[in-house]
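Since we're looking at a predicted model, the values are computed, not measured. Along the sequence shown, residues carry numbers from 1. Hydrogens, waters and symmetry mates play no part in the numbers below; they use all other heavy atoms, side chains included.
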Amino acid sequence: MNFLVLGDIFPSALPFLKKKIPSIIKKNKIDFVIANGENAGKNGMGITKKIAENLFKLGINVITSGNHIWHYKEILDYIDSENRLLRPANMSNDLPGSGHGIYKFKDMKICVINLMTNVHMPKCNNVFQAANALKKKFILKKNVDFIIVDIHGEYAAEKMALGHLFDGKVTSVFGSHTHIPTADQMILSKGTSYQTDLGMCGDYNSVIGLKKKIYLKKMLNRKNLSRNSPSMGKASICGSIINADKKTGLTKRIDQLIIGENLKKI
Ligand SMILES: [Fe+2]
């Protein structure tokens, strides 16, 4: 079973993804695609119904998110009607949508979980307690066949600790949000694959996807408080391909996927 997982999608990457996703799926015999879509909106924040539906049409099965999920108000209604769009599970229970979903693939059930860390992130419930509860709720080969976890967060140590918390209990844990791909993809000691951050699908000739000149202006001269916008140069696609064992639900192999001109091709 092959999963393609993609990091935070920026608007600059949308045409490149449209062009590349079908061939990535075909070439790597991908069965299921999960992408973080919380930066896909035109100013690099949030996602609209139209963008989400275009991503589903491209072959993305589930869209995860994070702190920017509520940027467009229309999402408050849409997320309740579309279970393929997730928001972090440890956000308040009063909010619409869900932080996990179960999706059928052939005769199997795939569980996708979305969490958000606590350090340097907007306030949400304790991510470790939320992770522990979900770990008890979804059990590999008992009530689901595969479990993929997107942990949206700034601080690497929290993500890595959560990787170990889930080790042996889920197929794969990866991080999102920093927009920088890390090269630490590994299979932990009990068989769960882990990567601190997938990186973004966007223009890397930027500051984490935003226009570099405006970003520097803002940093050098605090008087310039104009809002930055996404850098719309040539995009790269960043993610990983996870090959999972149908018998155990754990990872057999993980390979980083980087396609584009500004980052080294693998
Ligand atoms: Fe984020």
Is any side-chain heavy atom of [X] closer than 4.5 Å to a side-chain heavy atom of [Y]?
| X | Y | result |
| --- | --- | --- |
| M200 | N39 | no |
| T192 | T171 | no |
| N83 | S98 | no |
| L58 | K18 | yes |
| I148 | S172 | yes |
| K159 | T117 | yes |
| I102 | C111 | yes |
| S236 | F10 | no |

Is there a donor-acceptor pair closer than 3.5 Å between any side-chain N or O of [X] and the backbone N or O of [Y]?
| X | Y | answer |
| --- | --- | --- |
| N36 | S65 | yes |
| N228 | K211 | yes |
| N143 | I139 | yes |
| Y78 | T48 | no |
| E38 | H68 | yes |
| N28 | I30 | no |
| R87 | I79 | no |
| D145 | I110 | no |
| D150 | T64 | no |
| D203 | P230 | no |

Count the heavy atoms of every other residue, nucleotide or ligand shown that sit under 6.0 Å from [atom1] of [X], and state whether that count exceeds 12.
| X | atom1 | value |
| --- | --- | --- |
| K109 | NZ | no |
| Y155 | OH | no |
| K234 | NZ | no |
| Y215 | OH | no |

Which atoms form the tightest heavy-atom contact between [X] and [Y], and what is the distance?
| X | Y | answer |
| --- | --- | --- |
| K50 | E74 | N-OE2, 4.4 Å |
| M91 | N125 | O-ND2, 3.9 Å |
| D80 | G97 | OD1-N, 3.0 Å |

Matching residue for K252 among N243, I242, I187 - test: side-chain contact (heavy atoms from CB on, under 4.5 Å):
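Single pass found, and it is N243.
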On the 0 to 90° scale, with breaks at 30° and 60°, tag the F32-F3 ring pair as parallel, tilted or perpendicular.
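Rings of F32 and F3: perpendicular, over 60°.
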Apply side chain to side chain donor-acceptor pair (under 3.5 Å) to the pair N205 and S231, showing each step before the final yes or no.
CA-CA 8 Å; N205 184 15; S231 190; over 6 Å; no
